[in-house]
Protein chains: 2
Amino acid sequence: MLCAPLAVAIGWRYADERADQGRWARVALSSKKVRTIYDLAELAGVSAATVSRALAGKSLVSSATAERIQRLAEEHGFRPSSLARNLRTRRKGAIGVVIPLGHETTQHISDPFFMTMIGFLADELTERGFDLVLSRVIPKKDDWLEKMISADRVDGFIIIGQSDQSAVLDKMARDYLPMVAWGAHLRGQIHCSVGTDNYLGGLAATAHLMDRGCRRIAFFGNPQAVEIRQRLDGARAAVSARRPGAELIETPTHLAGELTAEDIAHFLDHAGTPPDGIFAASDLIAITAMQVLHSRGLTVPGDVKVVGYDDLPFARTSVPPLTTIRQDIATGARQMVELLLKRIDGEATGSVVLNPELVIRSST
Amino acid sequence: MLCAPLAVAIGWRYADERADQGRWARVALSSKKVRTIYDLAELAGVSAATVSRALAGKSLVSSATAERIQRLAEEHGFRPSSLARNLRTRRKGAIGVVIPLGHETTQHISDPFFMTMIGFLADELTERGFDLVLSRVIPKKDDWLEKMISADRVDGFIIIGQSDQSAVLDKMARDYLPMVAWGAHLRGQIHCSVGTDNYLGGLAATAHLMDRGCRRIAFFGNPQAVEIRQRLDGARAAVSARRPGAELIETPTHLAGELTAEDIAHFLDHAGTPPDGIFAASDLIAITAMQVLHSRGLTVPGDVKVVGYDDLPFARTSVPPLTTIRQDIATGARQMVELLLKRIDGEATGSVVLNPELVIRSST
DNA sequence: CGCCTATTCGCAATCGATTGCACGAGGCGC
DNA sequence: GCGCCTCGTGCAATCGATTGCGAATAGGCG
């Protein structure tokens with residue numbers, strides 16, 4: 001009973017269950033673990049409010065005490081609890097990154113594109129003090145986004161790969177601002193997107209093949225995804241506009257799904273005259289196609305020229321090195337983060353369309 | 001002035017800034033947005049404490065009121081703030097997943113293994129109510145783990161790929177329990193790891209090549225990483241024990257780094273008699289090797305037989321389909337999460353070593 | 001030397017949920 | 001019919017940081 005008021009004199013935080021530690025706390029104060037701004041305030045001989053302001057770099061505290069407090073915090077390895085801060089400020093300090101992360105069932109699993117993108121996003125977000133909370137989604141029902149938003153655990157969302165979910169995004173974007181998606185830009189879309197111009201990319205790839213003398217050009221990719229569709233459109237435009245004599249062979253849609261080696265082999269074996277040029281909608285498909293061509297005794301670029309899409313790291317090291325359309329993923333990631341932060345602050349931003357770039361290597 | 005006491009009678013939460021809304025609050029109560037358990041408590045005519053208990057499924061509330069409250073919460077789409085809960089319970093509700101996520105500079109970028117693993121981890125963690133907070137790390141200095149731990153933003157860590165950081169892990173594991181790493185198990189290690197038996201895997205792969213008649217077996221991989229080293233040890237054991245006549249050709253270490261197509265080509269061109277069997281330390285290396293072999297006019301499995309490691313999805317669809325050592329990533333992910341949860345609860349667990357499995361396809 | 005205006009700092013409320021403790025109301029036996 | 005024991009609820013403190021507002025101290029000026 002004697003301890004309590006004594007403890008209170010030292011600091012009210014010892015008034016309850018720690019009352020019996022009051023004396024000890026006083027003696028061994030400097031060696032006690034600094035867990036809260038109150039502990040640090042006691043050490044510095046100021047109030048918790050001052051510590052909070054000093055650590056937040058507010059101008060209301062004199063620079064002298066601010067520095068002293070910051071040095072103390074540094075010494076004791078103290079970092080204010082982000083939980084408490086977030087509770088008070090009503091922010092989460094985290095961004096949700098949503099990816100159609102499948103396993104066996106989908107193609108994406110083996111697509112290194114996502115990994116690359118995530119790497120850059122992690123950098124950008126960490127640098128700005130946000131955590132990257134990753135979610136995988138199998139968009140079976142249309143309410144996945146709604147649920148994630150209402151869970152309210154992050155300050156905003158970055159969606160990688162809209163594929164066929166553009167409508168869902170649009171619906172939510174109507175009254176949920178902090179959301180940016182990677183991928184195609186569609187006329188009239190409401191949500192904010194960042195991506196390269198797939199039409200231009202398709203155009204450039206196909207035009208390049210024709211410049212190399214190709215006349216029968218096959219397109220490998222599943223145009224059900226918007227991005228791929230736009231690349232196909234670009235390819236069509238290139239063929240019909242630039243070289244009236246050339247021809248574009250599109251994959252039968254029933255084969256356009258996963259596009260495994262077997263699919264490609266089947267397509268080649270039943271396509272009649274083989275194509276002399278292949279425009280693959282991704283580097284992965286291009287590599288697979290080259291393997292199949294090899295196994296059919298066709299040489300690249302001798303018999304068939306191949307162009308990929310994405311310019312992932314392994315495109316440079318394949319045999320032969322792959323000509324491809326480069327998407328600047330680093331820039332894309334930075335753009336997305338910047339736009340998202342603006343939107344978190346309530347600013348309604350437009351979308352960004354980046355220019356793709358043709359990278360010529362030995363496969364064409 | 002008249003409103004205030006009235007509001008208080010309705011609920012103390014209107015006593016301050018919302019005092020002027022008191023009357024409205026009373027009338028339009030049911031249409032007001034339910035943001036907190038206090039709001040819901042008001043609706044249900046009980047106290048916030050009861051709401052909290054009901055939503056947490058505690059047995060202290062009668063099942064009747066519990067049900068009623070849960071139904072109300074459902075109707076209004078109310079979910080208690082995880083921030084406030086975590087602050088109070090001193091938990092974070094999130095697990096940090098750490099990956100050596102490089103971009104251009106490292107090989108890992110293009111390794112789909114990580115993506116697969118993350119997919120499964122995301123599932124397991126989400127199912128158990130944890131967020132997956134992803135961090136990439138370039139282990140230049142040895143304090144990366146220490147910093148992440150002291151940041152104290154997650155309940156525990158899953159480290160994917162110890163590579164050469166085993167010592168760092170061990171150091172921290174001494175007084176930080178909630179941490180599980182994927183990868184090799186070393187004798188005497190302190191930290192908890194989950195992984196397949198790389199020695200057995202190397203043994204099986206090499207034995208299989210010898211069963212297929214190979215005599216000159218090349219090992220492709222960088223043994224500086226512990227896992228790879230163990231696979232190499234297994235390969236050595238297989239060669240010396242089973243077929244005294246066989247021979248193991250190890251890559252010169254100066255070539256063992258990135259192992260790009262060029263490296264492999266250079267190796268093959270300067271190795272004198274070419275090998276008749278290749279054991280690649282990853283599927284990615286195996287695929288690259290097969291491409292190089294093709295370009296050298298060597299057939300698989302005719303001239304050279306190739307075994308990979310991991311059994312990633314694309315191993316099945318390569319040309320030819322790749323014989324490989326399967327690591328059950330799904331099981332590994334589940335094991336890691338389960339062990340981690342135990343460790344979060346303070347239980348010191350042992351490590352887990354899973355058995356690899358030889359998957360025979362057409363490349364051998 | 002006294003008064004006035006800036007600065008600096010502390011008090012206390014607040015964010016939203018959890019939980020030990022105490023209180024009140026039925027159910028039971030005797 | 002009375003006392004005791006459960007069971008169900010409510011009160012209020014608490015997690016740790018932020019911030020409006022008021023107090024105190026400092027310095028500037030006449």
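Here is how names work: the chains are called A, B, and so on, in the same order as the sequence lines, proteins then strands, and each is numbered from 1.
Counting to the nearest Å, the C1' atom of dC15(C) and the CG atom of Asp39(B) are 13 Å from each other. At whole-Å resolution of the value, CG in Leu83(B) and C1' in dA17(C) are 11 Å apart. Per the geometry, CZ belonging to Arg91(A) stands 18 Å off C1' belonging to dT14(C), to the nearest Å. Residue Arg153(A) contributes atom CZ, which lies 13 Å from atom P of dA17(C) at whole-angstrom precision. Residue Ile37(B) contributes atom CD1, which lies 18 Å from atom P of dT14(D) at whole-angstrom precision. Counting to the nearest Å, the P atom of dC9(C) and the CD atom of Glu42(A) are 18 Å from each other. For the pair Arg85(B) CZ and dC15(C) P, the interatomic distance rounds to 19 Å; values are reported in whole Å. In this structure, Tyr38(A) atom OH and dG10(C) atom P are separated by 12 Å, rounded to whole Å.
In terms of phosphate contacts, Ser62(B) brings a side-chain nitrogen or oxygen within less than 4.0 Å of OP1 or OP2 of dT9(D). A close approach under 4.0 Å does not occur between any side-chain nitrogen or oxygen of Thr65(B) and OP1 or OP2 of dG8(D). Proximity of Arg90(B) to the phosphate of dC15(D): no side-chain N or O atom is located under 4.0 Å from OP1 or OP2. For Lys58(B), a side-chain nitrogen or oxygen approaches OP1 or OP2 of dT19(C) to under 4.0 Å.
Ranking dA17(D), dT18(D), dG16(C) by closeness to the Ala84(A) side chain, first place goes to dA17(D).
Side chain of Thr89(A) to main chain of Arg85(A): a donor-acceptor pair is present (N/O by atom type, distance under 3.5 Å, no hydrogens or angles).
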Which side-chain N or O atoms in residues 338-348 of chain B pair as donor and acceptor under 3.5 Å with protein atoms at least two apart or in another chain?
unit_1, atom_1, unit_2, atom_2, d
Arg343(B), NE, Thr349(B), OG1, 2.8
Arg343(B), NH1, Leu177(B), O, 2.9
Arg343(B), NH2, Thr349(B), O, 2.9

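Within a 6.0 Å radius of CD in Glu75(B), more than 12 heavy atoms belonging to other residues, nucleotides or ligands are found.
The stretch residues 59-71 of chain B participates, sequence neighbours left out, in no salt bridge (Lys or Arg N to Asp or Glu O under 4.0 Å) pair at all. Applying the salt bridge (Lys or Arg N to Asp or Glu O under 4.0 Å) test to pairs two or more places apart or on separate chains, those with a residue in residues 150-162 of chain A are Lys92(A)-Asp152(A), Arg153(A)-Asp131(B). For the side chain to side chain donor-acceptor pair (under 3.5 Å) condition, the pairs that include at least one residue of residues 167-181 of chain A, sequence neighbours left out, are Asp170(A)-His191(A).
For the contact set between residues 47-55 of chain A and DNA chain D, defined by any heavy atom under 4.0 Å, the members are Ala49(A), Ser52(A), Arg53(A).
Computed from C1' positions of five pairs at each end, the angle between the two local axes of the helix from dC1(C)-dG30(D) to dC30(C)-dG1(D) equals 50°, rounded to 10 degrees.
Heavy-atom distances to DNA chain C give each of Leu60(B) and Leu87(B) a nearest nucleotide, and the one nearer the 5′ end belongs to Leu87(B). Nearest-nucleotide mapping onto DNA chain C: of Arg88(B) and Val46(A), the residue sitting toward the 5' end is Val46(A).
Note that CD1 of Ile95(B) and CZ of Phe157(B) are 9.0 Å apart. Values are rounded to the nearest 0.5 Å. One finds the CG atom of Leu121(B) at 9.5 Å from the CH2 atom of Trp182(B) (value rounded to the nearest 0.5 Å).
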Q: Given side-chain contact (heavy atoms from CB on, under 4.5 Å), test Leu55(B) with Phe78(B) step by step and report yes or no.
A: CA-CA 10 Å; Leu55(B) 260 33; Phe78(B) 170 77; 3.7 Å; yes
**Q.** Chi angles and distances behind the side-chain contact (heavy atoms from CB on, under 4.5 Å) call for Gln189(B), Ser351(B)
**A.** CA-CA 9 Å; Gln189(B) 82 182 21; Ser351(B) 292; 3.4 Å; yes
